[in-house]
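Structure, as structure tokens:
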Protein chains: 2
Amino acid sequence: MGRRNQHSREQQREMTIAAAELILVREGFSGLSMRKVADAIGYTVGQLYLIFRNQDDLLATINERTTDAIYGHLRNAADAETAPLPRLQALGSAYIEFAQNHPHRFRMLFEHRLPPEMEPRPSSETRIRRMFELVESAAADVVAENDPARLRQIATTLWSGVHGIAALAVSGKFKWAGEADFRRYSDDLITTYVAGLQARHG
Amino acid sequence: MGRRNQHSREQQREMTIAAAELILVREGFSGLSMRKVADAIGYTVGQLYLIFRNQDDLLATINERTTDAIYGHLRNAADAETAPLPRLQALGSAYIEFAQNHPHRFRMLFEHRLPPEMEPRPSSETRIRRMFELVESAAADVVAENDPARLRQIATTLWSGVHGIAALAVSGKFKWAGEADFRRYSDDLITTYVAGLQARHG
DNA sequence: CACATAAAATGGACGGCGTTCACTCCCGAC
DNA sequence: GTCGGGAGTGAACGCCGTCCATTTTATGTG
């Protein structure tokens, strides 16, 4: 019942995602089209619409993979450091590092927005939250803070700050600064911010 | 020599920019097309290419206007505060505020990249630098730092951090945070980071 | 084995996009 | 009054996302 059955629907889904990620990495967000993806997997465009609802659905799925990849990268970095502050710094560095190593994937994650009628997307939100909780728990080990709301604020501020460095690093609008070490800014931000917390507390 | 002469080339340029900005604000980056702009100003697409080299040129020009608008907004905010730390905080708040009030313009400024062969664009880079120098000079009044390189690093870290908050606020990937509280993160970041600088120095 | 069925896959169509350019129009100079 | 040449046009090209009538084919049934 069906034509080829060379590939199951699930296999097709994986092939599609893999092909699309390859095109994204090679040609950037704007070079990624449904037609190119279809060509790459050896099917026609029409078939793509039996695998994904539309292009937004495909892009959002890739973004979930990217979120997972960042999460994995952050987790490795965190696991390699035992002391709390170095671990938080390692998280920041790893975040910047991912953005620099995978600029197109990183940019699409934050630049692609689903049309309102396709939101919310729990599978995406859960993943982002999981990533954030990694930061929050690392922050909790560094700052002695009992109020969970305040702790979340601290983690949000820190993560936003590090994200800003990564975003500017990848935006290309930042040529005047010493090109090289964006990770230095991340370290500076985390170290100094944490010092400020401690100064204000005790 | 010419047909209508209803509008000078310079007038056409202004009309085009104004029309494009209106479409950008109403429909977002992805809804902004050369054809729509041409319709809006009552000329045909072809004519647009006698006014701007191509779409990238038009978008980059709009981005320069946006940079100027942010600069003006920051300047107003800075001028309204005399004390150094509140002035720096006012800059951060104003930056976030602009992003929230003009999300499409803000996003396009950072998401649109010129193709390599159209870079560099001095008119853009000068404007960004001017905006950054506003931040740097406000930072200089807050932190007692004589080394200009270190001062620039401090300003970069701070501005990147604030930018990250603005970027996440506008990205829509941040739903669990209260919408209104983004300026609080900015204040928190600036206050605590500056406290950290002072703690490490003295 | 033959046939019917229904899922799988196709490919052409539609409207929109950026960009180009041969062409028409008409102002201003003579 | 005519005519050169710049201003302006609009059709064409090759992309794009999306849809759907049509064709293909693996499988269940006799």
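In this text the structure is predicted, and so the values were computed from the model without any measurement. Just so it is clear, the values below take in all heavy atoms, side chains as well, and ignore hydrogens, waters and symmetry mates.
A salt bridge does not link B/Arg121 to B/Asp56: none of the charged side-chain nitrogens sits closer than 4.0 Å to a carboxylate oxygen.
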Distance-only donor-acceptor hits, side chain of residues 68-81 of chain B, under 3.5 Å, sequence neighbours excluded:
| unit_1 | atom_1 | unit_2 | atom_2 | d |
| --- | --- | --- | --- | --- |
| B/Asp68 | OD1 | B/Arg127 | NE | 3.0 |
| B/Asp68 | OD1 | B/Arg130 | NH2 | 3.1 |
| B/Asp68 | OD2 | B/Arg127 | NE | 3.0 |
| B/Asp68 | OD2 | B/Arg127 | NH2 | 3.4 |
| B/Tyr71 | OH | B/Arg75 | NE | 3.1 |
| B/His73 | NE2 | B/Glu97 | OE1 | 2.9 |

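Under 3.5 Å, the side chains of B/Thr191 and B/Gln89 contain a donor-acceptor pair of N or O atoms. For the residue pair B/Gln12 and B/Tyr43, a side-chain donor N or O sits within less than 3.5 Å of a side-chain acceptor on the partner.
For B/His112, there are no ring-ring contact (aromatic ring centres under 6.0 Å, His included) partners, not counting sequence neighbours. Considering only residues two or more places apart in sequence or on other chains, B/Glu111 meets the salt bridge (Lys or Arg N to Asp or Glu O under 4.0 Å) condition with B/Arg107. Every residue two or more places apart in sequence or in another chain that forms a side chain to side chain donor-acceptor pair (under 3.5 Å) with A/Arg65 is listed here: A/Glu14. Evaluation of the side-chain contact (heavy atoms from CB on, under 4.5 Å) rule for A/Arg53 yields A/Asp57, A/Met118 as partners, not counting sequence neighbours. Partners of A/Val45 under the side-chain contact (heavy atoms from CB on, under 4.5 Å) rule, at least two apart in sequence or in another chain, are A/Met34, A/Arg35, A/Ala38. Take B/Ala167 and apply the side-chain contact (heavy atoms from CB on, under 4.5 Å) test, not counting sequence neighbours, and it matches A/His163, B/His163. With sequence neighbours excluded, the residues that form a ring-ring contact (aromatic ring centres under 6.0 Å, His included) with A/Phe98 are A/His102.
If one axis is set at each end of the helix from C/dC1-D/dG30 to C/dC30-D/dG1 from five pairs, those axes are 30° apart, to 10°.
A donor-acceptor pair is defined here as one N or O able to donate and one able to accept, closer than 3.5 Å; no such pair exists between the side chain of B/Lys173 and the backbone of A/Phe110.
Counting non-hydrogen atoms of neighbouring residues, nucleotides and ligands closer than 6.0 angstrom, the CZ atom of A/Arg9 exceeds 12 such neighbours.
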Nucleotides 11-14 of chain C: which of its N/O atoms have a protein N/O under 3.5 Å away?
none

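When the C1' atom of D/dT18 is taken as reference, atom OH of A/Tyr43 falls 20 Å away, rounded to whole Å. If you measure from atom CE of B/Met34 to atom P of D/dT9, you get 14 Å, rounded to the nearest angstrom.
Within residues 49-58 of chain B, the residues having any heavy atom closer than 4.0 Å to DNA chain C are, in order of number, B/Tyr49, B/Asn54, B/Gln55. Of all the residues in residues 11-33 of chain B, B/Leu32, B/Ser33 reach under 4.0 Å from DNA chain C with at least one non-hydrogen atom.
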